[in-house]
K.L.:
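I'd like to ask some things about the structure below.
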2 protein chains.
Amino acid sequence: MRTPLQTALLEIRSCLGEASIHTDPETVERLSRCTLPLPNRAAAFVYPSSIDEIQQLLIIANRHRVPVWPCSQGRNWGYGSANPFLEGSIVMVLARLNHILEVNETLAYAVIEPGVTYRQLNAHLKSQGDKLWADCTDGPPDGSVLGNALERGIGETPYGDHFGNLCGLEIVLPSGEVIHTGGGPPGSKTWHTHKWGIGPYLEGLFSQSNFGVVTKAGVWLMPRPEAYNSFVFQLSWAKDFGRVLDVLRALALQRVLPTTIHMINAFVSLAVLTRYPFHLLQDQTFLPEEVIARLQQEYGVAPWTFSTGLYGTRAQVRVNRAIVKKALKPYGRLEFLDDRKVRWVSQVVPWLKRAQSYPLLAPLSRWVVRGGLRSSLALFDAVPYIHGILKGIPTEYFVRHAYFKSNHPRPDQDVHPARDSCGLFWFAPILPFTGQAVSEFLNVAQGLFHEQGFDLYVALLVMNPRSIVALMAILYRKEDAAETHRASVLYERLCALVLSEGYQQYRAAMPAWRGLFDQAPGFLKLCDTLKSAVDPNNIMAPGHYGIGLSHVRPHKDTQ
Amino acid sequence: MRTPLQTALLEIRSCLGEASIHTDPETVERLSRCTLPLPNRAAAFVYPSSIDEIQQLLIIANRHRVPVWPCSQGRNWGYGSANPFLEGSIVMVLARLNHILEVNETLAYAVIEPGVTYRQLNAHLKSQGDKLWADCTDGPPDGSVLGNALERGIGETPYGDHFGNLCGLEIVLPSGEVIHTGGGPPGSKTWHTHKWGIGPYLEGLFSQSNFGVVTKAGVWLMPRPEAYNSFVFQLSWAKDFGRVLDVLRALALQRVLPTTIHMINAFVSLAVLTRYPFHLLQDQTFLPEEVIARLQQEYGVAPWTFSTGLYGTRAQVRVNRAIVKKALKPYGRLEFLDDRKVRWVSQVVPWLKRAQSYPLLAPLSRWVVRGGLRSSLALFDAVPYIHGILKGIPTEYFVRHAYFKSNHPRPDQDVHPARDSCGLFWFAPILPFTGQAVSEFLNVAQGLFHEQGFDLYVALLVMNPRSIVALMAILYRKEDAAETHRASVLYERLCALVLSEGYQQYRAAMPAWRGLFDQAPGFLKLCDTLKSAVDPNNIMAPGHYGIGLSHVRPHKDTQ
């Protein structure tokens, strides 16, 4: 007697073909590997290559009441990767739907499928004459543009609110029906230009949820500006941290600065530039303040650093640069970069590096970098990546931070922390954009990190001029059971802290989903009501963001 | 034996008190008057003054299956006013929920109830030191800020996407349950700063629909900029119209211009400045081209005119002014205004007006206005209102256009076209923001206007850098049955035209609702599915934007 799951898999196999499905345990284990301390729960990985195949798959899943877990590329590292929430789910990877269907240069948007990656979209636009820039994240270049946008990820340029810049979705509902958002006629010519459409705006329903599979979407792109400068700001004194945040809020409200500033603490800088200095640990499992200070000295790293871009006509960039200088100069060091300067850095860095291996030239090279440029070679290395990513050019350079504490050698290419068993939780509360709120929250959070024996890793991502995400990573060694346990405890405590302080998360990792709306039962009830209406058999990603769990018997969930 | 409606009204009366309900036919007729050629369908007007009363009302409505029609102030003139869609509905006016609950100066937002008007919010902010500016529309100053935002109206300043600038809603669901959007804990400190919240973004569900009553919302406000200039652009030659639109798109994409430019044709200018010249009609019921040309000459009105604001630091405004000048100078006349210049105009206009009544001074005054300033006194009159509205200061000045063809004397204050039986349809298709698309559409639309004997009234409202609303008014005399019929026919034809050209409306008037999604059946089905889930008795505004009609027997709808 076959189980419903077995029957469903047989039917899928016969519909989609042998090459589109993996059920052997080894492959399934490899594909569902995840940076979180969670068991692999997938029963199979399926790769539909058309809407028709997605529809067939969903109809089969409904027939046998088997949960389907859609993901675009599965590179949602630190939040859940491709691992489903419920044991025995069929993971539906959309990587084969990877067409760039349209690029409209006049109206500055592209229409893409969920398998399209940052790398692919960026390369395509460059090959078309570089007239439009797509935003990306500092995460995986092979991540899905739509996947990230539907999880409401944040990018780097003025188009960094990824969900905010989606416009016009094609969706396969759990029933297999296909709908277009916006309420317009078939082929509506404003489907990808007018975000709200006519009638209720429904696109939000399909973000951070499980109401349907988005198979096509419009993505707004930035016309290449006449002028572009990036700049790096290094805070001189930690005591000015709150004041600088207030300055940045004012600049963001005035629209001088794009609202996707990423401000990182010294620990984040170190995680990108080097490997974890285990030998410097004293009696604790996290670095004492004086050790971090010494490493900052060595790598030329400030207590807080951020970089962002200025975009516009030459005159606009000039004016905004002057405003930024006046506002930030009192608090630290500002380094403006343009394409020419970055090219120069790219040429000079290899020379300086080579010089270090000659006994006579090494001191000179060190003097140039330290004294003349007041920086470190490692920091110099980062400049072209910083300048590039603020133009939407994706890179694997920054993702390498996930290997900071890992035994696995840190790759320069094909970076894949999930596959390489790196331990990483993202914890992402959103706070009001004020120096006081952020300082106070970070103080308490640091206490929890230290209590559990972890260093505080925090990057502040400006979501909009009124809110800021305090993105924290818990980097842990998966092979160390005690450390893994401490990481889970820390994550749980942080989730509780956020609520008790009157805040909320902007995006949540899988272990947070079950209790995510414990303090918003009315909201969850409404979500579940809507869920039951569009997915009566609860086959679509049950449990994603905590929705669709009211009907799920507890024993089916291994979490 | 009482009908369910009668029983419901009795129960409401006993719950809310005599003073909160009107059922006498005369008052109900007066309150539900509307600028559209529709019968009054309201059975009663009810004025709850608390969430508790709203809940009681909805519970009663559910018990007796009587439709409730929520509206904020009922000033949705040209789209439906306070008139419900279904015969025998109880209109629930939220005007008594009119508290400004919070103004956060640091994070630049206010929290308000649905009864708060533009006039009230603006006055409140001014009384608090004028540190924040609220956007408004050029419609009624006593319109509801939230009502307009939930209908997704467009305003005047960089905060003109009213729905886009809502953040954090409190909603009473049709069941009477109260929910908060955003998924945060009670009193979440980012409820009004982070638009998307955690989990699915549900706020869109409550715009242009009938899923709940919004009783509280955060509204983002613009910090008063260091510098503000407005400018008026008058197109010299109609032939350049398309080219200028393309220039404006480029400027909007570059973020030089805020995206709420309103560009009006000569007929709109005349409708604001004067009364309809019936005596100049020839053998048709609309003005011949040469008559419009002559009136343009007389009033100094260009074929197309727009005004918008520049906001920022002094240096930013200076740079952007230069960019605008360079881009637009070749196509027409640009007049920049600042507070000082506007004060001067306000002082000089009464003097010039007075001068006109002295035989000796009149020619001099005319010469100053015409020759020196190349304008008309009527246009001069408008300047302070234009400059003010672009700072979010509401005015009744522009709404007076609704009286253009009416017998009713045009009031200077207490403008109320619905009460005064003016005939007005708004028709608001959204088009891609390109000169070609807009020109082509307007040509065809003008044909339909002329065919039905109407002048083309069109204001182009820039929704975002990629889309533009071609807002058209059908101004008709209600007392003329034939003209009223022609207005309805024209409206119907325009609705059909939009779809056949592959476009859609951005906001729709009541007569369009029944067939609104005829070409998007999947979208409507999803809306109706969600509607049934949250409002199983279909008591909340059935028919609003065409949703919730699948269960309504046709004979209950008098349309």
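Below, read A as the first sequence line, B as the second, and so on, with proteins coming before strands; counting in each chain starts at 1.
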K.L.:
Quick check on A/Val178 against chain B: is it the side chain, the backbone, both or neither that has a heavy atom closer than 4.5 Å?
P.N.:
neither

K.L.:
Is a donor on one side and an acceptor on the other found under 3.5 Å between the side chain of A/Arg466 and the backbone of B/Ala108?
P.N.:
yes

K.L.:
What part of A/Ile547 lies closer than 4.5 angstrom to a heavy atom of chain B: side chain, backbone, both or neither?
P.N.:
side chain

K.L.:
Taking the side chain from B/Ser467 and the backbone from A/Thr193, do they hold a donor-acceptor pair closer than 3.5 Å?
P.N.:
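A pair under 3.5 Å: yes.
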
K.L.:
Short question: side chain of B/Lys189, backbone of A/Glu501 - any donor-acceptor pair under 3.5 Å?
P.N.:
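Yes; at least one donor-acceptor contact below 3.5 Å.
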
K.L.:
Measure A/Leu202 against the heavy atoms of chain B and call it side chain, backbone, both or neither at under 4.5 Å.
P.N.:
side chain

K.L.:
For A/Arg152 and B/Pro200, indicate whether the former's side chain and the latter's backbone hold a donor-acceptor pair under 3.5 Å.
P.N.:
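No, because the side chain of A/Arg152 does not come within donor-acceptor range (under 3.5 Å) of the backbone of B/Pro200.
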
K.L.:
Given that the side chain runs from C-beta out, which part of A/Asp518 has a heavy atom under 4.5 Å from chain B: side chain, backbone, both or neither?
P.N.:
neither

K.L.:
With a 3.5 Å distance limit and no angle check, can you tell me whether A/Arg255 reaches the backbone of B/Gly312 through a side-chain donor-acceptor pair?
P.N.:
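A pair under 3.5 Å: no.
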
K.L.:
Check whether A/Leu173 gets within reach of chain B through its side chain, its backbone, both or neither, counting any heavy atom under 4.5 Å.
P.N.:
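When you check distances to chain B, only side chain atoms of A/Leu173 fall under 4.5 Å.
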
K.L.:
Measure the CH2-CD1 distance between A/Trp196 and B/Ile430 for me, rounded to the nearest 0.5 Å.
P.N.:
11.5 Å

K.L.:
So, does B/Gln504 use its side chain to make a donor-acceptor pair with the main chain of A/Gly182 at under 3.5 Å?
P.N.:
yes

